[in-house]
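Being a predicted model, the structure only gives us computed values, none of them experimental. The residues of the chain are indexed from 1 along the displayed sequence. Counting starts at 1 for both ligands and their atoms, following the listed order.
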Amino acid sequence: MNRLQGKVVVVTGAARGQGAAEAAACAAEGAHVIATDAQPFATETEGVVQRTLDVSRDEEWAALADWLRHAYGRVDGLVNNAGINRRARVGEVTVADFDRVQAVNVTGPLLGIQHLAPLMPPGSSIVNIGSAAALTGHYPVAYTASKWALRGLSRSACLELGPRGIRVNCVHPGFIETPMTASAAPAFREANLRETPLGRSGTVAEVAAVVTFLLCDASSFVTGADIPVDGGLTSHGGTKSISDALLPDLPEEDS
Ligand code: NAD
């Protein structure tokens, strides 16, 4: 559709999963895409330039910003997608694991905004990839705390960058089929689907579609928003199991 024709878009954590799909979707919309990741890329995508970047490292962001300034002179879009999980609960999580999750999931996006916002003209857009865990109490504490913090960062950045015409939004995926969720216990998947009104998992393409919308000018008055892409997972506040439990026995007059 070319909604991002000629725009320069940086995507982090783009070697696989949602990041790879977001990079490909932006390229399909006509953007010059710079796909970055800490791990090597297994495949090439047309229209996508690949660069190494550990989002938690300030000096690597500085080097990327320098290269972008020389190569393109500006950045129109940033997708802070890279994220990691540690599936430990409050009583078990180590401080080292807690800190590493914050470093990648929160400090990474902060550094990205600090280094790339100076290159952004009015009309630019930043999309931070949160999670259903950013909208609920979720059992992996480091991950949940980091994604709630990312929402706070997004709101502060929205306030600060708004006067420059730069938008900042958060997308919150539910259960999406990626290598991250493939490594979870089968019970985690089943429980997620039970709590999801649409009754299925999501695809990376369904997340990428919302990300490209937020990057393009069709969303020019949308900023500071939290947008779930979760099949309704976070919409019911935990009441789906109550609804489901009562459904078979519901008397006609109560329905
Ligand atoms: P994934 O694990 O499949 O891919 C994550 C990518 O991030 C990998 O390529 C990895 O190498 C990269 N990465 C990790 N640490 C990095 C670092 N320090 N610097 C740069 N890159 C790094 O995960 P995914 O499922 O595609 O998740 C993408 C984003 O969506 C994450 O922020 C995740 O928290 C979020 N999310 C995913 C789901 C889901 O169901 N899959 C749900 C909610 C939120």
Inset, instruction - Can you pull out the closest protein heavy atom to atom 11 (O) of ligand 1? Residue, atom name and distance to 0.1 Å, please. - result: Asp37 OD1, 2.7 Å
Legend entry - Heteroatom distance test (Ala132, ligand 1): nitrogen or oxygen, under 3.5 angstrom: no
Inset, instruction - Starting at CZ of Arg167, measure out to OG of Ser219 and round the result to the nearest 0.5 Å. - result: 3.5 Å
Inset, instruction - For ligand 1, note which part of His172 has a heavy atom under 4.0 Å away: side chain, backbone, both or neither. - result: neither
Legend entry - Under 4.0 Å to a heavy atom of Gly17 - the qualifying atoms of ligand 1, by number: 26 (O)
Legend entry - Protein residue, atom and distance nearest to atom 24 (P) of ligand 1, heavy-atom basis: Thr178 OG1, 3.6 Å
Inset, instruction - Looking only at protein heavy atoms, identify the closest one to atom 18 (N) of ligand 1 and say how far it is in Å. - result: Asp54 OD1, 2.9 Å
Inset, instruction - Considering only NZ, NE, NH1 and NH2 on the basic side and carboxylate oxygens on the acidic side, decide whether Glu92 and Arg86 come within less than 4.0 Å. - result: no
Inset, instruction - Please report which non-hydrogen protein atom sits nearest to atom 6 (C) of ligand 1, along with the residue it belongs to and the distance in Å to one decimal place. - result: Gly13 O, 3.6 Å
Legend entry - For atom 23 (O) of ligand 1, closest protein heavy-atom neighbour: Met180 CB, 3.4 Å
Inset, instruction - Provide the number and element of each atom of ligand 1 under 4.0 Å from a heavy atom of Arg100. - result: 18 (N)
Inset, instruction - Starting from atom 37 (C) of ligand 1, locate the nearest protein heavy atom and write down its residue, its atom name and how far away it is, to 0.1 Å. - result: Gln18 NE2, 3.1 Å
Legend entry - Options Gly83, Ala21, Gly130, ranked by nearest heavy atom to atom 44 (C) of ligand 1, top entry: Gly130
Legend entry - N or O contact, Ile84 vs ligand 1, cut-off under 3.5 Å: no
Inset, instruction - Report, in ascending order of atom number, the atoms of ligand 1 lying under 4.0 Å from any heavy atom of Ala82. - result: 7 (O), 20 (C), 21 (N), 22 (C), 32 (O)
Inset, instruction - With the side chain counted from C-beta on, respond yes when Ile34 and Val11 share a heavy-atom pair under 4.5 Å apart, and no when they do not. - result: no
Legend entry - Partners meeting ring pair (Phe, Tyr, Trp, His ring centres under 6.0 Å) with Phe213 (sequence neighbours left out): none
Inset, instruction - Decide, yes or no, whether a salt bridge links Arg3 with Glu29 under the criterion of side-chain N to carboxylate O below 4.0 Å. - result: yes
Inset, instruction - Would you mind running through ligand 1 and noting each atom that sits below 4.0 Å from a heavy atom of Leu53? - result: 19 (N), 20 (C)
Inset, instruction - Please identify which atoms of ligand 1 are closer than 4.0 Å to at least one heavy atom of Ile129. - result: 29 (C), 30 (O), 32 (O), 35 (C)
Legend entry - Whether His138 and Tyr143 hold their rings parallel, tilted or perpendicular, with breakpoints at 30° and 60°: tilted
Inset, instruction - Using non-hydrogen atoms of the residue, decide whether Arg57 is closer than 4.0 angstrom to ligand 1. - result: no
Inset, instruction - Test side chain to side chain donor-acceptor pair (under 3.5 Å) on Asn128 and Ser154 and set out the steps. - result: CA-CA 7 Å; Asn128 293 327; Ser154 302; 2.8 Å; yes
Legend entry - Separation of Asn169 CG from Cys158 SG (nearest 0.5 Å): 7.5 Å
Inset, instruction - Tell me, please: is Arg189 in heavy-atom contact with ligand 1, that is, under 4.0 Å? - result: no
Inset, instruction - Would you mind listing which atoms of ligand 1 come within a distance below 4.0 Å of any non-hydrogen atom of Ala38? - result: 17 (C), 19 (N), 20 (C), 21 (N)
Inset, instruction - Look at atom 29 (C) of ligand 1 and say which protein heavy atom is nearest, naming residue and atom and giving the distance to 0.1 Å. - result: Asn81 O, 3.1 Å
Legend entry - Polar contact flag, side-chain donor to acceptor under 3.5 angstrom, His115-Asp58: yes
Inset, instruction - Check ligand 1 against Val104 and write out every atom of the ligand that is under 4.0 Å from a heavy-atom position of the residue. - result: 15 (N), 18 (N)
Inset, instruction - Please check if atom CD in Gln39 has more than 12 non-hydrogen atoms from other residues, nucleotides or ligands closer than 6.0 Å. - result: yes
Inset, instruction - Establish, from distance only, whether the side-chain atoms of Ser201 and Glu177 form a donor-acceptor pair under 3.5 Å. - result: yes
Legend entry - Test item, Gly174 contacting ligand 1 (heavy atom, 4.0 angstrom): yes
Legend entry - Min N/O separation Arg16 to ligand 1 under 3.5 Å: yes
Inset, instruction - Given side chain to side chain donor-acceptor pair (under 3.5 Å), test Ser56 with Arg100 step by step and report yes or no. - result: CA-CA 9 Å; Ser56 68; Arg100 182 61 189 157; 2.9 Å; yes
Legend entry - Atom indices of ligand 1, in the order listed, that fall short of 4.0 Å to a heavy atom of Thr181: 39 (C), 40 (O), 41 (N)
Inset, instruction - Please confirm whether Ala103 comes under 4.0 Å of ligand 1, counting heavy atoms of the residue only. - result: no
Inset, instruction - Would you please say whether a donor-acceptor pair under 3.5 Å links the side chains of Ser183 and Arg87? - result: yes
Legend entry - Modelled atom types, side-chain donor and acceptor of Asp226 and His172, under 3.5 Å: yes
Inset, instruction - Could you tell me whether Arg57 atom CZ has more than 12 heavy atoms of other residues or ligands within 6.0 Å of it? - result: no
Legend entry - atom 33 (C) of ligand 1 - nearest protein heavy atom and its distance: Tyr143 OH, 3.5 Å
